[in-house]
There are 2 protein chains.
Amino acid sequence: MPSPAQTRKNLLFVARNHLAERGYHGTSLAAVSGELGLTKQALLHHFKSKDLLYAAVLEQLGAELLELLFASLEASELAEDQLAGFFAALTRQGLAQPADLSLVLRDLMDFQGRGPDSGQDSWPLQNVFEPLIALIQATPRWQGAGFAEALSVASQMLAAICLFPSAQGALASRFGQAAVDQVRTTFLVQTQDLVRERLTRD
Amino acid sequence: MPSPAQTRKNLLFVARNHLAERGYHGTSLAAVSGELGLTKQALLHHFKSKDLLYAAVLEQLGAELLELLFASLEASELAEDQLAGFFAALTRQGLAQPADLSLVLRDLMDFQGRGPDSGQDSWPLQNVFEPLIALIQATPRWQGAGFAEALSVASQMLAAICLFPSAQGALASRFGQAAVDQVRTTFLVQTQDLVRERLTRD
DNA sequence: TGCATCACTTACCGAGTGGTAAGTCGTTGG
DNA sequence: CCAACGACTTACCACTCGGTAAGTGATGCA
């Protein structure tokens with residue numbers, strides 16, 4: 001007998017996984033609510049529409065990523081160390097919860113692929129992107145470089161981190177679970193290498 | 001009055017763009033066929049089901065990527081030059097036709113997100129992945145490294161290349177078209193830098 | 001000429017979609 | 001004690017989905 005607040009949290013959690021694994025169009029309200037033994041209308045009671053449910057999921061994700069970023073900001077002094085810390089934390093988090101990274105990728109790709117007017121007003125991930133770009137521009141290697149270069153680098157590193165965890169299922173079915181497990185053990189180091197190589201002058 | 005073969009080609013082309021922009025679930029047969037002034041059943045006449053249409057699109061994409069890879073193999077001798085050539089060609093192609101790269105990402109992410117049994121028998125992109133991994137393992141820096149490291153590197157570089165072109169729409173709406181255009185002009189160089197830094201020992 | 005095949009069309013179908021309306025039941029506050 | 005509210009449910013709606021059945025008109029071949 002969960003409390004209403006807990007029910008909402010549960011719905012948000014299940015919706016997040018469904019949206020990450022199957023995308024916006026592949027996710028049905030009935031499937032999400034049904035996984036908790038509720039009806040679709042219970043979900044619509046907590047989140048007034050599918051679009052608002054998606055927005056809530058994305059906002060939660062954005063807040064968590066921002067928290068991760070702030071934690072890394074406090075952990076180090078130098079911009080490149082802060083970036084390295086953030087990307088490492090993101091990788092660890094992403095290996096444990098691939099859904100989070102899938103959502104990031106999907107949200108970036110699904111622009112104008114969802115509703116006709118879905119949320120062009122506010123974008124939770126913007127609050128993550130902007131300080132990230134600023135941080136890259138604060139790096140010795142990239143200071144003086146333009147916004148475009150920094151955005152380019154940010155997109156490259158984010159992508160490099162997000163794809164493999166999101167693609168584990170597909171890769172496992174083609175190359176075998178053993179191979180994927182092996183990648184999992186080296187992926188964090190690989191990512192840290194890539195980040196270091198890209199952020200410090202060679 | 002297009003010939004039947006041309007009609008099929010047109011359907012394949014439109015379907016490819018729809019699938020890339022909106023994903024499998026976001027693509028409807030009626031929308032694809034309607035864009036050519038045909039009915040949904042005309043499409044089902046050429047491709048017996050939605051799954052087979054998707055398979056045909058993916059197979060075409062896989063063949064094109066493979067062709068790109070082979071062209072790069074013939075253009076150079078050293079493995080790292082061949083890889084650099086392929087990734088550069090892929091980036092150029094992707095900036096011109098973002099749909100192609102979106103499809104690669106989507107196909108990697110959408111495992112078990114489509115039909116219940118959708119095409120686990122054959123996978124066109126495997127023919128691209130495998131020589132790519134072998135090529136990475138043939139590189140001085142990565143020779144001796146395991147399959148897992150090479151797969152990890154392949155996934156990172158593929159992702160770094162595929163994301164930005166696929167996310168241009170979303171990024172443009174948040175950071176402005178001008179910023180995105182600016183990234184487009186530097187993205188190829190940025191990608192070549194990343195590939196070089198990652199493939200040659202530092 | 002006759003007949004088959006191709007490339008479609010119109011007409012459906014059942015299942016599933018997001019969403020609305022109205023009602024039920026338990027809790028809470030005045 | 002009772003009205004109001006929150007957290008749901010059942011019932012229903014209009015619509016879209018992928019897919020089937022049955023035709024239609026043109027083309028090609030015997």
Side-chain angles (χ1 to χ4, degrees), chain A residues 1-58 106-107 110 112-120, chain B residues 1-58 106-107 110 112-120:
Chain A
M1 50 209 64
S3 78
Q6 187 62 45
T7 297
R8 199 190 136 98
K9 240 167 89 179
N10 290 343
L11 284 168
L12 211 55
F13 175 77
V14 174
R16 185 161 161 171
N17 286 334
H18 275 241
L19 287 167
E21 284 172 19
R22 292 174 256 274
Y24 182 87
H25 294 289
T27 298
S28 88
L29 304 184
V32 170
S33 47
E35 200 168 309
L36 294 168
L38 296 175
T39 62
K40 160 183 61 168
Q41 290 71 13
L43 197 162
L44 283 168
H45 171 70
H46 289 279
F47 309 90
K48 301 209 167 183
S49 77
K50 192 183 185 182
D51 269 0
L52 290 177
L53 170 65
Y54 179 79
V57 164
L58 210 67
R106 288 214 133 95
D107 189 61
D110 280 353
Q112 83 177 2
R114 284 195 310 279
D117 60 312
S118 45
Q120 22 193 357
Chain B
M1 54 208 64
S3 78
Q6 188 61 45
T7 297
R8 196 190 138 98
K9 237 167 91 178
N10 290 343
L11 284 168
L12 211 55
F13 175 77
V14 174
R16 186 162 161 170
N17 287 333
H18 275 241
L19 287 166
E21 284 173 18
R22 293 174 256 274
Y24 183 86
H25 293 289
T27 298
S28 88
L29 304 184
V32 170
S33 47
E35 200 168 308
L36 293 169
L38 296 175
T39 62
K40 162 182 61 170
Q41 290 71 14
L43 197 162
L44 283 168
H45 170 70
H46 289 278
F47 309 91
K48 302 209 168 182
S49 75
K50 192 183 185 181
D51 269 1
L52 290 178
L53 170 65
Y54 179 79
V57 165
L58 211 67
R106 288 215 134 93
D107 189 61
D110 280 355
Q112 85 175 1
R114 283 195 309 279
D117 60 310
S118 46
Q120 22 194 357

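Lettering follows sequence order; numbering is per chain, from 1. Values in this document were obtained by computation on a predicted structure and should not be read as measured data.
Between B:S33 and the choices B:H45, B:K40, B:Q41, the side chain to side chain contact (heavy atoms under 4.5 Å, CB included) rule is met once, by B:K40. The only member of B:L53, B:L11, B:L52 that meets side chain to side chain contact (heavy atoms under 4.5 Å, CB included) when paired with B:H46 is B:L11.
Here C:dG19 presents its P atom at 14 Å from CZ of A:F47, a figure rounded to the nearest Å. In this structure, the NE2 atom of A:H25 is 13 Å from the C1' atom of D:dT16, given to the nearest Å. Whole-Å rounding puts the B:L11 CG to C:dA7 P distance at 12 Å. The separation between B:Q6 atom CD and C:dC8 atom P is 11 Å, rounded to whole Å. Rounded to whole Å, atom C1' of D:dT10 lies 14 Å from atom CG of A:L44. Atom CG in A:L52 sits roughly 14 Å away from atom P in C:dG18 (whole-Å rounding). Atom CZ of A:R22 is separated from atom C1' of C:dT17 by 16 Å (rounded to the nearest Å).
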Could you write out each protein N or O paired with an N or O of nucleotides 6-8 of chain D at a distance under 3.5 Å?
| residue | atom | partner | partner atom | Å |
| --- | --- | --- | --- | --- |
| D:dC8 | OP2 | A:H46 | NE2 | 3.1 |

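If you check D:dG18, C:dG19, C:dT17 against the side chain of A:L29, the one that comes closest is C:dG19. For A:K50, taking side-chain heavy atoms from C-beta onward, the closest of the listed nucleotides D:dG19, D:dC17, C:dG18 is C:dG18.
With a 4.5 Å cut-off on side-chain heavy atoms, B:L38 and B:L43 do not count as touching. Counting heavy atoms from C-beta on, the side chains of A:D107 and A:Y54 come closer than 4.5 Å. Contact annotation: the side chain of A:L36 approaches that of A:V14 to within less than 4.5 Å [non-hydrogen atoms, C-beta and beyond].
For B:S28, no side-chain nitrogen or oxygen approaches OP1 or OP2 of D:dT16 to under 4.0 Å.
The CG atom of A:L19 lies 9.5 Å from the CG atom of A:L12; values are rounded to the nearest 0.5 Å. The CZ atom of B:R22 sits 14.5 Å away from atom OH of A:Y24, with the distance rounded to the nearest 0.5 Å.
Judged by distance alone, with hydrogens and angles left aside, B:K40 brings a side-chain donor or acceptor within reach of the base of D:dG19, the pair sitting under 3.5 Å.
A:T27 comes within 4.0 angstrom of the backbone, heavy atoms only, and of no base.
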